[in-house]
Each structure stands twice: as structure tokens, then as C-alpha cells.
Amino acid sequence: MKRPVAKPAPEPGDMVVPRSVAVIMDGNGRWARQAGFERIRGHERGIDAVRTTVTECARLGVQALVLYAFSEENWQRPQREIDLLFGLLKRFLVEERGTLMQNRVRLLHSGRRARLGADILRLLDETVAHTAGNDGMQLSLAISYGGRQEIVDAVRQLAQQVQAGTLAPAAIDEAAIQRHLYHPELPDPDLLIRTAGEQRISNFLLWQVSYAEIVVDDVCWPDFRAEHLHAAFRAYGRRVRKFGKVT
Ligand code: FPP
């Protein structure tokens, strides 16, 4: 019988491709201000970085990528910025469908649907359906998303089952909460990347990032390129992951 060839252990400093990556795309406004543009131009230019990140993660074999595109808190931004942001998200879903198909990417949406307009919901649902047969990376766009809200929504469903008498309180464990997250099938992020230098989680995937490695890059999101992604994967490769145990 042929013995499987052992994969060489990564050299320190080598790039290690995580199974699952989450990104807080920050610094669009700062990028625009520094360039002398209005804030929305930063979001516009951020689309290039989204395209690069999606295609490069898919090419490298990342299995799941979650992008924080619009948080529950972002509803408090000026209405004009919200409208322009949703205009960009809709444009992305129309114009990048070909890129998603070429890269065999499956699109998902994470977040609350209640406040989303009919147009964006239709485009999200259409793109999810259109890409459902792809066998490559899963790309979840977190839109109208909050980590606390996701846990609240999961707990509310469990409470309803307890009230209906179909679930015993003692049966509520981590697995039960996991099953009621927006996308229980997505693996927890191994790596959380945040741009623009801020060292915060900002209500992103609170349940799922328990053991994620965090890499903060000073670059503003519109300037994020494949080389920054590779640098994050190299930093990830240098981490020792113990998951609370002793190595
Ligand atoms: C944070 O920058 C960024 C956002 C709130 C929106 C992110 C949206 C995009 C990159 C464009 C569309 C996305 C997709 C997936 C097509 P900020 O405005 O808070 O920046 P600042 O902190 O410098 O002001």
C-alpha cells in the first residue's frame, strides 16, 4: 500500500492558508479623507479590495470567508451614506456575479433581513440561488449584522422551542446555540483580519471568533491588496494555537 506523503511542517514565516477567514474592512472614510475625497469614494474604492480578497482567498483554497459589509450599528450613519453604501452593495451583487461564478464561490448572507430593502434582499436571494451549485469557497456578506443580535436571535428561537415544550432547558448547550446561528454550517474563523489599525472586534461574529487569531493591518481597506492578505497568512502561520490546552 502506498504511504501518504507527509505534508512538510510550515517553515516559520511561511504563509499558512486558514480554513476560514473573517475580515473587518475598516478605514474607507480615513482613506477618502486622506485622498481629499468624500467618504463614499472610500467605500467605492473598497470594492476593488473586496474583489481582490475574494478571488485571492478562493485561489488559495480558503473554504469560508466572511466580510463585514454593514453592521447593525451602521444604521446610525447619515441616510445619504447608507443609501450610497447599499447602492454599492447592489452593484457588487450584479457586476461581480461573473467573478463569483468563475471562482466557484457560493454566496451567503449573514444578518437580519427585517431592515433590508426589497431590492437588496432580491439581489441577495438571487445571487445566493445562482451560486448555490458552486463547489468552491463560501463567501458570506455580513449585512445588517451584529454579533450580539445573532446570539439574541438564536436564543429567542430556543426559548420558543422551550415554550412550545419541544426543548428541555437542560438540552441548551453550545451545540444547540451553534445550530441556531445564521449559518451554522460555516466553520469558525481561524483568522480575523482588521484593517486601518483598530484593535477591536466591533460586534463581529462574537460567538465564532472565540479562538480566532487576530491580525491587524494598518493599511486602510481601499489599499488592501493580495500582498496584505499574504502577510496576514504569514502572521497566522507563526501563531501557536493551543485552544486553551497545553501544547
Ligand atoms: C468601514 O469603514 C467600512 C464600512 C462600514 C463599509 C464596508 C463596505 C465596503 C468595503 C464596500 C462594499 C462591500 C462589499 C462587500 C461589496 P469606515 O467608513 O468606518 O471608515 P473610517 O473608520 O475610516 O471612517
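Excluded from the calculations below are hydrogen atoms, water molecules and symmetry mates; all remaining heavy atoms, backbone and side chain alike, are included. Start at 1 and go down the list; that is how both ligands and their atoms are numbered. The structure presented is a predicted model; accordingly, all values stated were derived computationally and were not measured.
Residue-level proximity to ligand 1 for E95 is absent, since no heavy atom of it falls below 4.0 angstrom. With a heavy-atom cut-off of 4.0 Å, W31 does not touch ligand 1 at all. Contact annotation: for N28 versus ligand 1, heavy atoms closer than 4.0 Å belong to both the backbone and the side chain. Contacts between R33 and ligand 1 below 4.0 angstrom, taking non-hydrogen atoms only, are absent altogether.
E185 CD: more than 12 foreign heavy atoms inside a 6.0 Å radius. Around atom CZ of R80, no more than 12 heavy atoms belonging to other residues, nucleotides or ligands sit under 6.0 Å away. Enclosure of atom CZ in R45 is not indicated, since only 12 or fewer non-hydrogen atoms of other residues, nucleotides or ligands lie within 6.0 angstrom.
Heavy-atom proximity to M25, at under 4.0 Å, picks out these atoms of ligand 1: 1 (C), 2 (O), 3 (C), 10 (C). Of all the atoms in ligand 1, the ones that sit under 4.0 Å from a non-hydrogen atom of N74 are 5 (C). Numbered from 1 in the order shown, with element, the atoms of ligand 1 that lie under 4.0 Å from a heavy atom of G29 read 17 (P), 18 (O), 20 (O), 21 (P), 23 (O), 24 (O). Close contacts of ligand 1 with W221, meaning ligand atoms under 4.0 Å from a residue heavy atom, involve 10 (C). Those atoms of ligand 1 with a heavy atom of F92 less than 4.0 angstrom away are 16 (C).
When the side chains of ILVMFWY residues are joined at heavy-atom separations under 4.5 Å, either directly or via intervening members, L121 and L88 end up in a single hydrophobic cluster.
The backbone N or O of Y211 sits less than 3.5 Å from a side-chain atom of R241, completing a donor-acceptor pair. Not a single donor-acceptor pair under 3.5 Å links the side chain of R33 to the backbone N or O of R39. Proximity of a side-chain donor or acceptor of N103 to a complementary backbone N or O of T99 within less than 3.5 Å is detected. Listed for the D217 side chain is no donor-acceptor partner under 3.5 Å among the backbone atoms of T195.
The nearest heavy-atom contact from the protein to atom 22 (O) of ligand 1 is R30 NH2, 2.9 Å. Protein heavy atom at the shortest distance from atom 4 (C) of ligand 1 is H43 CE1, 3.9 Å. The closest protein non-hydrogen atom to atom 6 (C) of ligand 1 is A69 O, 3.4 Å. Counting protein heavy atoms only, atom 19 (O) of ligand 1 is closest to R77 NH2, 2.8 Å. Closest to atom 13 (C) of ligand 1 among all protein heavy atoms lies L89 CD2, 3.8 Å.
Between D26 and ligand 1, at least one pair of N/O atoms sits closer than 3.5 Å.
The CD atom of Q149 sits 10.0 Å away from the CZ atom of R156 when rounded to the nearest 0.5 Å.
Ligand 1 has no atom lying under 4.0 Å from any heavy atom of A196. Within the structure, ligand 1 has L141 among the residues with a heavy atom less than 4.0 angstrom away. At least one heavy atom of R39 sits closer than 4.0 Å to an atom of ligand 1. No heavy atom of E198 sits closer than 4.0 Å to any atom of ligand 1.
Taking a cutoff of 4.0 Å between a charged side-chain nitrogen and a carboxylate oxygen, R225 and D48 do not qualify as a salt bridge.
Side chains of R97 and T127: a donor on one and an acceptor on the other come within 3.5 Å.
Other residues sharing a hydrophobic cluster with I172 under the 4.5 Å side-chain heavy-atom criterion for ILVMFWY residues are I24, V66, Y68, L108, Y145, I151, V155, L158, V162, L167, I177, L181, Y182, L186, L192, I201, F204, L205, L206, W207, V209, I214, V216.
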